Structures are given as structure tokens and as C-alpha cells.
Amino acid sequence: MASANSLNTAAPPSGAEAPAALEERLRQAGLEVLGSCQKMSGRGPALLQHSALLEDFTLKELDTLGDAMLLIRAQPGQVLIAEGDAGDWMLLLLSGTVDVTKTTLADEDDPDATDKKSRLGVTTEGAVLGEMSMFDRDVRYATCTAIDTVEAAVLGRAAIGQLIRQHPGVGAKLMVKITQLLAQRLRNTNNRLVRLLQKR
């Protein structure tokens, strides 16, 4: 089995990655690929209620979106997204719990210093991870590790383009929701920064 950290180490090909190539890379990372995420509405209305990404989707639109996604499973301790790796896809957690951590490198001038891992949060059903790197193709900001058995839907950059062409209404709604998520995360970061500056 390939190391989970090998998931994104190779630079994505120019342009969006083909679905077959993405599936192969997920498999090489040791993640179990269960096929497309068909009939995502069968997971029940709770998924729509718990996910900021999906809250405005109808069950039919949810199935259309699921058809464009890959369903994966990760076992406890497996890395789904590794900090510093490249990637042009995102995850929607369908079940299970994921630990999100960030490593702070040790001070090179201090021989006794060691790298520190900080927990940024724990995410559950309905959470979206990795959407920023999917758009800008920059390296991943944090590491996401399965705490228990996790099932997630993977959406690649290429799949979004195909979705927009074949189902423009669903594609447009998806883009609006992802933009709202990114804006909310930026707002939360700004608020934390302001609080930190006010304490000084």
C-alpha cells in the first residue's frame, strides 16, 4: 500500500486532472475508491441539513452532483489530505470524523526546538476540505487525518468544468456555495486576526 502522503506529491498535470487519473492517485495513496457517488440523496436529508455546501440543493440536484464525484473510504489514521502537497480536488465528508492539523516548523536557530503540530479543528459529516487548493492549485495548508472510518465524496477540478457544461444550473449553484464558504473562512480568519491584534 502506498503511503497516504504520496497522494499529492506529484504535481498535477497542466489543466484539470482527468477523473481516471485522480482515481488512480487516490488508490495509490491507499484510499479505497468505491466508484462514483451515485444516489447521494439516499444518504438522507440530514446530509443537506449538516452541510453548508449542500443546504440549497434539492435531492435531484444532489444526485446530479454525486454523479460527478468519486466515493472514497479511509480507515482510522489514514491521511486524506497532507499539508504541503499539491492537489486540484476537494472532499465532502459523508460520514466519520477528521482531525485537521497544522505543523509549525522549529526555529532553525534553536538546536533544541522541534516541529509542533497544532489542531485546527475536528470536522464531521457535511464539512468541505481542500476547496482552496482545488481552485488555486497551491499546496495544502493543513493535514486532514481520519479519526475513525471516513467516507467522503471527492470532487476534482475537471469534474466541475464538466458539471458546468452538462448541468449549468447545478454547476452554478455549486460555484456560488463554494465561493460563500471561502468568503466565510476569510471573514473568520480576519476576525481572529483582529482579536489577536487587539490583545497586544
Side-chain angles (χ1 to χ4, degrees), residues 1-43 47 51 53-54 57 61-75 77-96 98-100 123 125-146 149-168 170-175 177-179 181-182:
M1 178 183 297
S3 164
N5 287 340
S6 69
L7 182 56
N8 298 306
T9 50
S14 60
E17 183 171 28
L22 174 57
E23 182 174 348
E24 179 59 27
R25 290 177 68 211
L26 294 168
R27 289 186 192 281
Q28 287 177 355
L31 297 169
E32 185 180 0
V33 180
L34 305 174
S36 72
C37 203
Q38 295 177 336
K39 298 295 181 187
M40 197 152 58
S41 62
R43 293 184 174 266
L47 179 60
S51 177
L53 178 70
L54 303 176
F57 281 74
E61 290 171 335
L62 184 59
D63 284 341
T64 299
L65 177 60
D67 288 343
M69 305 175 88
L70 290 172
L71 179 62
I72 65 167
R73 181 180 293 139
Q75 299 304 320
Q78 274 192 293
V79 172
L80 293 105
I81 292 175
E83 179 180 351
D85 283 354
D88 63 349
W89 49 269
M90 70 176 204
L91 293 174
L92 169 65
L93 296 185
L94 301 176
S95 65
V98 171
D99 194 19
V100 183
T123 60
E125 177 186 4
V128 175
L129 301 167
E131 73 279 9
M132 190 174 297
S133 292
M134 179 183 68
F135 281 124
D136 66 11
R137 295 196 183 101
D138 202 351
V139 296
R140 304 292 193 181
Y141 175 77
T143 295
C144 302
T145 308
T149 301
V150 166
E151 286 193 353
V154 177
L155 182 65
R157 188 182 177 104
I160 292 182
Q162 186 174 0
L163 192 64
I164 290 171
R165 288 190 299 273
Q166 296 180 353
H167 304 279
V170 175
K173 185 177 286 191
L174 175 67
M175 294 301 293
K177 296 306 294 182
I178 293 175
T179 302
L181 287 175
L182 289 171

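Only a predicted model underlies this, so the values are computations on that prediction, with no experimental measurement involved.
- Taking the salt bridge (Lys or Arg N to Asp or Glu O under 4.0 Å) definition, one finds that R43 meets it with E151, sequence neighbours left out.
- Between F57 and L65, the closest heavy-atom pair is CE2-CD2, 4.3 Å.
- With sequence neighbours left out, the salt bridge (Lys or Arg N to Asp or Glu O under 4.0 Å) criterion links K177 to E55, D56.
- Remark: D99 engages R119 in a salt bridge (Lys or Arg N to Asp or Glu O under 4.0 Å) (not counting sequence neighbours).
- The side chain to side chain contact (heavy atoms under 4.5 Å, CB included) test with L91 singles out one residue from V128, V150, I72, and that residue is I72.
- Closest heavy-atom contact between T145 and T143: OG1-CG2, 3.6 Å.
- Side-chain contact between M69 and W89 is absent, with no heavy atoms from C-beta onward closer than 4.5 Å.
- The shortest side-chain heavy-atom distance between L155 and L92 does not fall under the 4.5 Å cut-off.
- In terms of heavy-atom proximity, Q75 sits nearest to A146 at O-CB, 3.4 Å.
- Atoms CD and OG, from E61 and S41 in turn, are 12.0 Å apart once rounded to the nearest 0.5 Å.
- Partners of M134 under the side chain to side chain contact (heavy atoms under 4.5 Å, CB included) rule, at least two apart in sequence or in another chain, are M90, R157, I160, I178.
- D138 places no side-chain N or O within donor-acceptor distance of the main-chain N or O of S133, the cut-off being under 3.5 Å.
- Counting only heavy atoms from C-beta outward, the side chains of D63 and K39 approach each other to under 4.5 Å.
- No side-chain donor-acceptor contact under 3.5 Å links R73 to the backbone of T149.
- With contacts defined as side-chain heavy-atom distances shorter than 4.5 Å, the pair L94/L71 qualifies.
- The closest side-chain heavy-atom distance from L80 to V98 is below 4.5 Å.
- Contact between A153 and M40 at its shortest, heavy atoms only, is CB-SD, 4.4 Å.
- Of all non-hydrogen atoms in C144 and L129, the two that sit nearest each other are SG-CD1, 3.9 Å.
- The side chain to side chain contact (heavy atoms under 4.5 Å, CB included) test applied to Q38 returns S36, D67, not counting sequence neighbours.
- By the side-chain hydrogen bond (donor to acceptor under 3.5 Å, both in side chains) test, T64 pairs with no residue at all, sequence neighbours left out.
- Closest approach of A74 to L31, counting heavy atoms only: CB-CD2, 3.6 Å.
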